[in-house]
Structures are given as structure tokens and as C-alpha cells.
Chemist: 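One structure is given below, represented as C-alpha cells, and several questions about it will come after.
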Amino acid sequence: MKLLFLACLSKNTGNCTTAERIREHIESVGHTCVLQDTADLKSSEKVAHLIAEEPFFQAALAIHLYKGGRFLLDCQAPFGVVFGGTDINEDVKDETKRAVMGKVLKKARFAVAFTEKLKEEAETYWPSQGIKICVQPQGIETKATENFNWDGFLRSTGVNCENVEDLHVFLLVCGLRRVKDPLYLVDVFSEWHQEDPSVILIIIGPEIDPLFTEEVEVNVKRAKGVFLAAERRQQDLHAAMRRSVAVVNSSVSEGMSAAILEAMDLEVPVVARNIPGNAAVIKHEETGLLFSNPQEFVDLSRKLLAEPSLRERLVSKAKKYVKDHHCKAKEKDTYRRLIEQLH
């Protein structure tokens, strides 16, 4: 079977990584899956024509009910959808978008939610469609570059230190857009760095919103102890994570952060903003640390540095959590079964 797969494919983002992984699952069982960036789409009518062109697509799939699914409303091929965090955290607040999402969900053969919480919230808006929503957490598989040049990485960000081994690096992994709120911790971290020069914060990720990227660059430039790193290929990013004290998440909203799960799998502590998407995968002081304001972030991070036993407990339990709940093989089997519904 030939499938058209619509997703936001900005390079090195969580959406792109998720889409590539699901595509691999689909193709591993003998189907052909063609990825299409929703940023390049103009209308549902044009997508309908694309699907009907020879050799035609027999089915379709989309990540995000609004960003992707809306382009499938005019197609005759059966399709499924995967909820994104923006769907429930942001887009349902807009009455027009919510109505479109309802139409997409009603027409879809199935829908996938990453967490039980996400499914429950979706059912509050579309109770009659709950039966077609299945829960499948993201599958995680990590691989770090061997012999990663840590010193070179730090110096490329502007870090100037005689002995980089003396540094305690906190790595904030995110695409540069407002919903990720990378500036949330900049001021308080800068104050902490002036008290303790060994702690630094590096914000790393692709430039998604050009105007916001400029704002981030200006603020980081004036903040002591805070640095900005260009995006890296995934294996290099994983290597940088492994050398860090902790991976940080300061997002306003998340569906399910791949960076958090990757850090857990790599046995790196996670310090994340206490929002529903993060709290769905992190149990405070068991599999990670959750903060509700910038000062609490500093307090928890100090505790992490001061208590080696806390770090050991967090990484051990987080590694087990990922192994038990985010198995890539199980995710593959789920999508194999779901795609059969599109025949």
C-alpha cells in the first residue's frame, strides 16, 4: 500500500523525528510511505488531487489534526491521524480550529494520542470519537556519537574556560519558537552563574521562528553564563546530552517531548517545567525534577549538583521508565495494526 504522510518537517525538530520514525515503522512492514511537509501545502483540494494522481495513494496519515489533518478533509482515501501537543494545548482554544479538528477526527479511521491524559482531554471535546483514539507513547532509541569533541562544542558556543571539566553544563534543547519559551530561565540562570561561574546554560536547537530567534540572540548575548548553540545532528546532540549535568525543558506546552525521553534513555537527569505534557512522563524526584517557576529551577538544580544519590536515583528510574513505556518495537507493532485499518 502507498501512503501519503503529512507532518511538520522542520529539520531536527521533534515533529520531524517522530514522523521519520513512524515512516520507518510503516515501510518496515512492506508499505510505501511518502512524507510531505505541511508547510508546502496550500489547500485540501490540492492534496486531494495529489492523492488521486497516478500512481495514486491508497491511504494517508497526518500528525496534528489541524496543521496536517485539515488537508485531508477533501480526499477520498482513508486516513488516520496522530495528535500533536499543539492540538490539545493550543488549537482547541480557537473555535474555528476546533471545529475543523472535530471534522478531521470524525472522518479519520483512527487517531493516536501519546498519553492517556491527551486522550482524556480530546474526549472532553469530542466524546463520541473516543472509541477510535488509541494511546501509544513515542518509541525512543538513542545513539550518541563516539569520541564527541566536547571541548570544541563548548568553544563553538562562546564558552571560554581553562578547564571545561570544571563546568556544570545545563542543556536546554528546543526549537527557537515562543511555545518552547527558551528565555524563561535566562535571567535567573545568569544570576546563578554570577554567584557560581561553574554553572552554564546552553540553549540548542533549530531556528524555527526568525523574529523570535533574533529576540533570543539579543537576550542571550547580554546574559552572563548563557550561550546559544546551533542545531546539531541527532547523534551529536545525544553526545552533548551525555556530557551535561541535566537536560532542561522550559516549554509553555508539550505533547510529549522527545528530548526529555532521549535524555532519560541516555541516563541524563531531566529538569523540566511543570506543565501537563511534561508531568505525564516525569514523576517528580523519581524520574526527573519538575519546577513551577525560575527560582524553583535553580533550587532543584542546586540540589541535583549537591546530592549525587539524587542523580543516581533519577537516572536509574528514568531509564527503567523509558524501557517499560517507550519501547520502539511496541510502537512499530501498534502502527502496523493501525495501518491495516486503512486497507
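All values below were derived from every heavy atom in this structure, side-chain atoms included, with hydrogens, water molecules and symmetry-related copies excluded. The residues of the chain are indexed from 1 along the displayed sequence.
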Chemist: Can you tell me how far the OG1 atom of T32 sits from the CE atom of M1, to the nearest 0.5 Å?
Modeler: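 One finds 10.0 Å between OG1 of T32 and CE of M1.
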Chemist: Would you call R336-E340 a salt bridge at under 4.0 Å N-O?
Modeler: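 The answer is yes: the pair qualifies as a salt bridge.
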Chemist: For residues T157 and L154, report the shortest heavy-atom separation together with the two atoms involved.
Modeler: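 The pair with the smallest heavy-atom distance is OG1-O, 2.6 Å.
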Chemist: Would a hydrophobic clustering, with Ile, Leu, Val, Met, Phe, Trp and Tyr connected at side-chain separations under 4.5 Å, put L6 with L65?
Modeler: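 Yes: a chain of side-chain contacts under 4.5 Å links L6 to L65.
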Chemist: Taking the six-membered ring for Trp, is the centroid-to-centroid distance between F148 and H238 below 6.0 Å?
Modeler: no
Chemist: Compute whether any side-chain donor of one residue and acceptor of the other, for H326 and Q138, lie under 3.5 angstrom apart.
Modeler: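 Their side chains do not contain a donor-acceptor pair, so the 3.5 Å distance test is not met.
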Chemist: When you compare the side chain of V135 with that of I133, does any pair of heavy atoms fall below 4.5 Å?
Modeler: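 Counting from C-beta outward, I133 and V135 never come under 4.5 Å.
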Chemist: I need the minimum non-hydrogen distance between M256 and F114, along with the two atoms involved.
Modeler: CE-O, 3.3 Å
Chemist: Between the side chain of N89 and the main-chain N/O of G85, is any donor-acceptor distance below 3.5 Å?
Modeler: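 The answer is yes, because a donor-acceptor pair under 3.5 Å joins these two groups.
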Chemist: Report yes if some heavy atom in the side chain of I203 is under 4.5 Å from a heavy atom in the side chain of F227; otherwise report no.
Modeler: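 No; the side chains remain at least 4.5 Å from each other.
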Chemist: Is the count of non-hydrogen atoms from other residues, nucleotides or ligands lying under 6.0 Å from K317 atom NZ greater than 12?
Modeler: no
Chemist: Is there a donor-acceptor contact under 3.5 Å from the side chain of E331 to the main chain of G139?
Modeler: yes
Chemist: Taking side chain as C-beta onward, heavy atoms only, is F212 less than 4.5 Å from V216?
Modeler: yes
Chemist: If hydrophobic clusters are built from ILVMFWY residues whose side chains come within less than 4.5 Å, do L228 and I208 share one?
Modeler: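 No, it is not one cluster - the side chains of L228 and I208 are not joined through contacts under 4.5 Å.
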Chemist: Let me check something: do I51 and F71 share a hydrophobic cluster, defined by ILVMFWY side-chain heavy atoms less than 4.5 Å apart, either directly or through other members?
Modeler: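 Both belong to a single hydrophobic cluster.
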Chemist: Are V92 and D87 packed together at the side-chain level, in the sense that at least one heavy-atom pair is separated by less than 4.5 angstrom?
Modeler: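 A side-chain contact is absent here, since even the closest heavy-atom pair is not under 4.5 Å.
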Chemist: Between the side chain of S244 and the main-chain N/O of V247, is any donor-acceptor distance below 3.5 Å?
Modeler: no
Chemist: Nearest heavy-atom pair of L305 and V199: which atoms, and what distance?
Modeler: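 What the structure gives for the nearest pair is CD1-CG1, 3.9 Å.
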Chemist: In terms of side-chain geometry, is the basic nitrogen of E262 or K143 positioned less than 4.0 Å from the acidic oxygen of its partner?
Modeler: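 Looking at E262 and K143, the cut-off is not met.
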Chemist: Are E267 and R242 close enough for a salt bridge, meaning some N to O gap below 4.0 Å?
Modeler: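 Not counted as a salt bridge, because no side-chain N and carboxylate O are separated by less than 4.0 Å.
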Chemist: Walk me through it: do R302 and E195 pass the test salt bridge (Lys or Arg N to Asp or Glu O under 4.0 Å)?
Modeler: CA-CA 12 Å; R302 287 182 191 274; E195 295 173 18; 2.8 Å; yes
Chemist: Any chance you could measure R311, atom CZ, to S316, atom OG, to the nearest 0.5 Å?
Modeler: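 The CZ atom of R311 sits 12.5 Å away from the OG atom of S316.
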Chemist: Can you measure from CG (L4) to CG (L61) and round to the nearest 0.5 angstrom?
Modeler: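 Reported value, rounded in 0.5 Å steps: 9.5 Å.
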Chemist: Are any side-chain N or O atoms of D37 and backbone N or O atoms of D40, one a donor and one an acceptor, separated by less than 3.5 Å?
Modeler: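 Absent.
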Chemist: Any salt bridge between E90 and K97, counting N to O under 4.0 Å?
Modeler: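 Looking at K97 together with E90, the answer is no, because their closest N to O distance does not fall below 4.0 Å.
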Chemist: Counting heavy atoms not belonging to N160, are there more than 12 under 6.0 Å from its CG?
Modeler: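 No, the 6.0 Å shell around CG holds no more than 12 heavy atoms from other groups.
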Chemist: Should we say atom CD of E207 is surrounded by more than 12 heavy atoms from elsewhere, each under 6.0 Å from it?
Modeler: no
Chemist: Decide whether V186 and V248 are clustered together by the hydrophobic rule: side chain heavy atoms of Ile, Leu, Val, Met, Phe, Trp, Tyr closer than 4.5 Å, transitively.
Modeler: yes
Chemist: For K132, does the NZ atom have more than 12 heavy-atom neighbours from other residues, nucleotides or ligands under 6.0 Å away?
Modeler: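 Yes, the 6.0 Å shell around NZ holds more than 12 heavy atoms from other groups.
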Chemist: Verify whether one side chain among R232 and S156 offers a donor that lies under 3.5 Å from an acceptor in the other.
Modeler: yes
Chemist: Between Y125 and L73, is there shared hydrophobic-cluster membership here, with clusters defined by ILVMFWY side-chain heavy atoms closer than 4.5 Å?
Modeler: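 Yes, because Y125 and L73 connect within a single hydrophobic cluster, where side-chain heavy atoms sit under 4.5 Å apart.
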Chemist: With a 4.5 Å limit on heavy-atom distance, are the side chains of E24 and K332 in contact?
Modeler: no
Chemist: Roughly how far, to the nearest 0.5 Å, is the NZ atom of K93 from the OG1 atom of T86?
Modeler: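 NZ of K93 is found 10.5 Å from OG1 of T86.
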Chemist: Answer yes or no: are there more than 12 heavy-atom neighbours, outside K107 itself, under 6.0 Å from its atom NZ?
Modeler: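 Buried by this count: over 12 neighbours within 6.0 Å.
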Chemist: For H49, does the NE2 atom sit with more than 12 other heavy atoms under 6.0 Å from it, leaving out its own atoms?
Modeler: no
Chemist: Is there a side-chain contact between V81 and V112 (heavy atoms, below 4.5 Å)?
Modeler: no
Chemist: Can the ring centres of F170 and F189 be said to be less than 6.0 Å apart?
Modeler: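 Judged by ring-centre distance (under 6.0 Å), F170 and F189 do meet the cut-off.
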Chemist: Does E95 have more than 12 heavy atoms from other residues, nucleotides or ligands lying within 6.0 Å of its CD?
Modeler: no
Chemist: What are the two closest heavy atoms between L290 and L300, and how far apart are they?
Modeler: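 So the two residues come closest at O-CD1, 3.3 Å.
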Chemist: For H64 and F83, what are the C-alpha separation, side-chain angles and deciding distance, and is it a ring-ring contact (aromatic ring centres under 6.0 Å, His included)?
Modeler: CA-CA 5 Å; H64 286 107; F83 278 99; 9.6 Å; no
Chemist: Can D181 and R273 be counted as an ion pair, charged N to O under 4.0 angstrom?
Modeler: yes
Chemist: Quick one: salt bridge (Lys or Arg N to Asp or Glu O under 4.0 Å) partners of E285, sequence neighbours excluded?
Modeler: K303
Chemist: Under a 4.0 Å threshold between the charged nitrogen and the carboxylate oxygen, would D91 count as salt-bridged to R98?
Modeler: no
Chemist: With a 4.0 Å cut-off, would you call E20 and R23 a salt bridge?
Modeler: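 A salt bridge is present here (some side-chain N lies under 4.0 Å from a carboxylate O).
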Chemist: Keeping E254 on the side-chain end and N278 on the backbone end, is there a donor-acceptor pair under 3.5 Å?
Modeler: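 Judged by distance alone, no pair lies under 3.5 Å.
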Chemist: Can you name the closest pair of heavy atoms from A62 and L72 and give their distance?
Modeler: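 Shortest heavy-atom contact: CB-CD1, 3.9 Å.
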Chemist: What I'd like to find out is whether the side chain of V218 reaches to under 4.5 Å of the side chain of K221, using heavy atoms alone.
Modeler: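 With C-beta onward as the side chain, the pair stays apart.
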Chemist: Please find the pair of heavy atoms, one from F110 and one from L338, that lie closest to each other, and give the distance.
Modeler: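 It is CE2-O, 3.3 Å.
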Chemist: May I ask you to check whether D166 and S198 show a side-chain donor-acceptor distance below 3.5 Å?
Modeler: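 Judged by distance alone, the side chains do not pair up.
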Chemist: Under 3.5 Å, side chain of R109 to main-chain N/O of G80, donor-acceptor pair present?
Modeler: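 Not at all, since once roles are kept as given, no pair shorter than 3.5 Å links the two residues.
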Chemist: When rounded to the nearest 0.5 angstrom, what is the spacing between OG1 in T38 and CZ in R70?
Modeler: 8.0 Å
Chemist: Drop me the distance from F291's CZ to I275's CD1, to the nearest 0.5 angstrom.
Modeler: 9.0 Å
Chemist: For a 4.5 angstrom cut-off between non-hydrogen side-chain atoms, does V169 reach I202?
Modeler: yes
Chemist: Take a 6.0 Å sphere around NZ of K283 and say whether it holds more than 12 heavy atoms from other residues, nucleotides or ligands.
Modeler: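 At most 12 heavy atoms, drawn from other residues, nucleotides or ligands, come within 6.0 Å of this atom.
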Chemist: I'd like to know if R178 and E215 make a salt bridge, using a cut-off of under 4.0 Å between side-chain N and carboxylate O.
Modeler: yes
Chemist: Using a strict cut-off of less than 4.0 Å between a Lys/Arg side-chain nitrogen and an Asp/Glu carboxylate oxygen, indicate whether D187 and R222 qualify as a salt bridge.
Modeler: yes
Chemist: Go through the steps to decide whether K224 and E191 satisfy the test salt bridge (Lys or Arg N to Asp or Glu O under 4.0 Å), and finish with yes or no.
Modeler: CA-CA 8 Å; K224 296 184 182 299; E191 291 173 9; over 6 Å; no
Chemist: Does K2 make a cation-pi contact with F57, if we ask for NZ or CZ under 6.0 Å from the ring centre and within 45° of the axis?
Modeler: yes
Chemist: State, without any angle test, whether T334 and Q136 hold a side-chain donor-acceptor pair at a distance under 3.5 Å.
Modeler: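 Looking only at side-chain atoms, Q136 and T334 do form a donor-acceptor pair, the distance falling under 3.5 Å.
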Chemist: Identify whether the distance between the nearest side-chain nitrogen and carboxylate oxygen of K330 and D333 falls below 4.0 Å.
Modeler: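 Result for this pair is no, no salt bridge flagged.
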